Protein chains: 2
Amino acid sequence: MATLSDVARRAGVSPATASRVINGSSKPVTEDLRERVLRAVADLQYVPNAHAQLLARSHRTAVGVIVHDVSDPYFAEITRGLQRVATDQGRLLMICNSYRDPDRELEYVELLRGHQVAAIIMAGSGYHDATFTKRLNEKLTAYEETGGRVAVIGRHEHSGDAVMPDNRTGGWLIGTELCALGHAEIGVVAGPEVLTTTTDRLAGLRAALTEHGRSLPEHRIRYAEFDRDGGAAATAALLDAEPALTAVVALNDSMAIGALALLRSRSVPVPQQVSVTGFDDMPIARDVTPALTTVRLPLVEMGARAMALALDPGAGGPRVEVLAAEVVRRDSTGPAPDAGTARVRPTNQAGSGRRVRRAAAGRTPS
Amino acid sequence: MATLSDVARRAGVSPATASRVINGSSKPVTEDLRERVLRAVADLQYVPNAHAQLLARSHRTAVGVIVHDVSDPYFAEITRGLQRVATDQGRLLMICNSYRDPDRELEYVELLRGHQVAAIIMAGSGYHDATFTKRLNEKLTAYEETGGRVAVIGRHEHSGDAVMPDNRTGGWLIGTELCALGHAEIGVVAGPEVLTTTTDRLAGLRAALTEHGRSLPEHRIRYAEFDRDGGAAATAALLDAEPALTAVVALNDSMAIGALALLRSRSVPVPQQVSVTGFDDMPIARDVTPALTTVRLPLVEMGARAMALALDPGAGGPRVEVLAAEVVRRDSTGPAPDAGTARVRPTNQAGSGRRVRRAAAGRTPS
DNA sequence: TACCGCAAAGAAAGCCCTTTCCCGCAGGGA
DNA sequence: TCCCTGCGGGAAAGGGCTTTCTTTGCGGTA
């Protein structure tokens, strides 16, 4: 590997001058020398050693992000928002997949700290696990004490800057929607119980049902992995145990897609016999059949906001931004079969989906 | 930030000893000192500066990957394979999204070189662009000359180690499949013409049609972005110009999903009036309706093989591994409406899909 | 002619680690 | 008793770059 001194030697200048030319220092360099340096760079195919640069420069410029899995559409969208703002500000993004392993999250915090990132963003659900939460907070606090910035997305447990999707209201909205359609026998296909995302969404849903005089007993909830196969398995278990269900609420879109697949394999018509709802409004939600009624979260916006918080030290105390959820009605929901309402209901233009925008504030369930 | 000397001072030892304790050097250290160092590390929440470590250590351990977009399922699967092998060998992966921008690809090669990666893997289609290809090869060669390893996935243009999905045979298989179903009026929804992936798949398809006495004129091909919206737009244009089509071949699954959406919006029954095929067999292909008939590529395997090539210097010349494509028959294809064959054909169990495995070797189109 | 000031280039001091080399010491063999 | 060996620990030399500080050389003024 050619080094800076190689370049300097070949150009007949000092390393200092070569450095100044190469990274456009404010110090002026004669046109003659500048040219010689640039020619040497080209001749030697010189690329600066990033580690040496990062070591020599004092200011930290990269930003670290810990997500569950970038290839999961939920996090892919968030990452898109993060990336946009980071790129605008000339920051490099280091993305780490934790695959929802708490230990790996802790390791990645250390790794990012070791890489001298300017900020760490933790995206994705928190855990109901006091021990882990404590350890994580210790690490993050230690990082903040050395000047690092931290922002979280959708996590209650850290006390700093945060962007929170309104999961609870989202659950409430979808519950209200189903009650309005006359559903009383509602089952839930939930993600891991240990995730706060699961419990938040569930709490909102339960609040809505309670408001409408329905209940949500534990045996109508099945917990599984937050993915397609988890959704299919949970739906199968649920239907076997509760054949009278008229609606299945999946707590994210992947699980809902699994639910749809399972129902199709059992030839259960959706939404005529069973309605299905998702959560998140992943892009694919409009392309499955029937197109998925779901709760939309402004994922890209969430990422963008979080990065903005992370990069702006801010003045006062911790800032928390709650972003509203909204229902997107598509074709996977219909009136409850027993409700006596008309069987046929107008269907949307394929894939478009009318959005029902609602302010989160003022409609939050009690 | 606490440094190694801080730790050493607090433990009352030299930095050398502290270093040896912290990264488990082969040199033995007394239990007493070891404990003191570890306690100092814990007290100070010390994390080694990764850049300093990387600079001081000579051996390069990270591996760089350049993909179009990790959140695109095609690349997500490949990345999974890459990651698996990398993790097994204790390598860190640096993933760069080029978003199919050639200039960005070049920049990322430099970036990765600057980060002293042990190998660079370029995943994804090459370009029909001699100037770019030349510049890329120059950069890669310069990198290889300094001891770096290079492997490519699905690119003809670089002469080193390569993993090649058999796109041409895949196109041929899907063409043969449609001909067997009696389709004669076949349109193609293609990705960008500048990508070798597009032209390879197209070439195989064309070969199959020619073998069956059909032709594929240019006006039955529409080029667009390799995504859902590109697929929808291209399908719309194609149908407007060629209303008699009985089959739409999309050159990847995302485009096929766009095609399905467009056909649904026009109330064209699939496959009764028009058959649709995809390419890649992304996970979602089985969950759209009708489930997508497509060409399966062993994406995870491709990633794993590429990483293996990249990490193993190998003995002789460049190694090229061609991985076979296979047709996955699902519900989006059926007999051509005019072909006089039975309208009803057996349907697969939802989502499963019978796979037709074929060896690539020996069946390659002329 | 002597001096001053300024601009441009170079010297050198880090940045934080790893690792080689060297030293001191204790134990064992001659 | 002396020397050699082996082991644990420290000193110090990088690794490649940035940046401050210093030097050099020039034009301009007194």
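Every chain is numbered from 1, with letters handed out A, B, ... down the list of sequences. Everything quoted here is computed from the prediction, not taken from an experiment.
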Taking for Ala16(A) and for Met1(A) the nucleotide of DNA chain D with the nearest heavy atom, the one nearer the 5' end belongs to Met1(A)
Spacing between Asp6(A) atom CG and dG15(D) atom P, to the nearest angstrom:
11 Å
Should Ser19(B) be listed as having a side-chain N or O under 4.0 Å from OP1 or OP2 of dC17(C)?
no
Between Lys27(A) (NZ) and dT18(D) (P), how many Å, whole number?
15 Å
Electrostatic pair Arg305(A):Asp161(A) at N-O distance under 4.0 angstrom
no
Separation of Met164(A) CE from Glu321(A) CD (nearest 0.5 Å)
12.0 Å
From Ile153(A) atom CD1 to Met302(A) atom CE, the distance as rounded to the nearest 0.5 Å
5.5 Å
Looking at Tyr46(A), I'd like to know whether one of its side-chain N or O atoms comes within less than 4.0 Å of OP1 or OP2 on dC17(D).
yes
Do Arg104(B) and Glu107(B) meet the salt-bridge criterion of a basic N to acidic O distance under 4.0 Å?
no
Any side-chain N or O of Asn49(B) below 4.0 angstrom from OP1/OP2 of dC15(C)?
no
Are Thr61(B) and Arg91(B) packed together at the side-chain level, in the sense that at least one heavy-atom pair is separated by less than 4.5 angstrom?
yes
Base, sugar-phosphate or nothing for Leu54(B)? Non-hydrogen atoms, less than 4.0 Å.
nothing
How many Å lie between CZ on Arg20(A) and P on dG16(D), as a whole number?
21 Å
Atom CZ of Arg9(A) to atom C1' of dG16(D): distance rounded to whole Å?
13 Å
N/O (side chain, Thr17(B)) to phosphate O (OP1/OP2, dG10(D)) under 4.0 Å:
yes
side-chain N/O Thr3(A) vs dG16(D) OP1/OP2, d < 4.0 Å
no
Assign each of Gln53(B) and Pro15(B) to its nearest nucleotide of DNA chain D by heavy atoms, then name whichever residue's nucleotide is nearer the 5' end.
Pro15(B)
Nearest-nucleotide comparison on DNA chain C, the residue closer to the 5′ end among Ile22(B) and Ala52(A)
Ala52(A)
Leu4(B) CG to dG14(C) P, straight-line distance once rounded to whole Å
18 Å
Using whole Å, report how far CZ of Arg113(B) lies from P of dC17(D).
12 Å
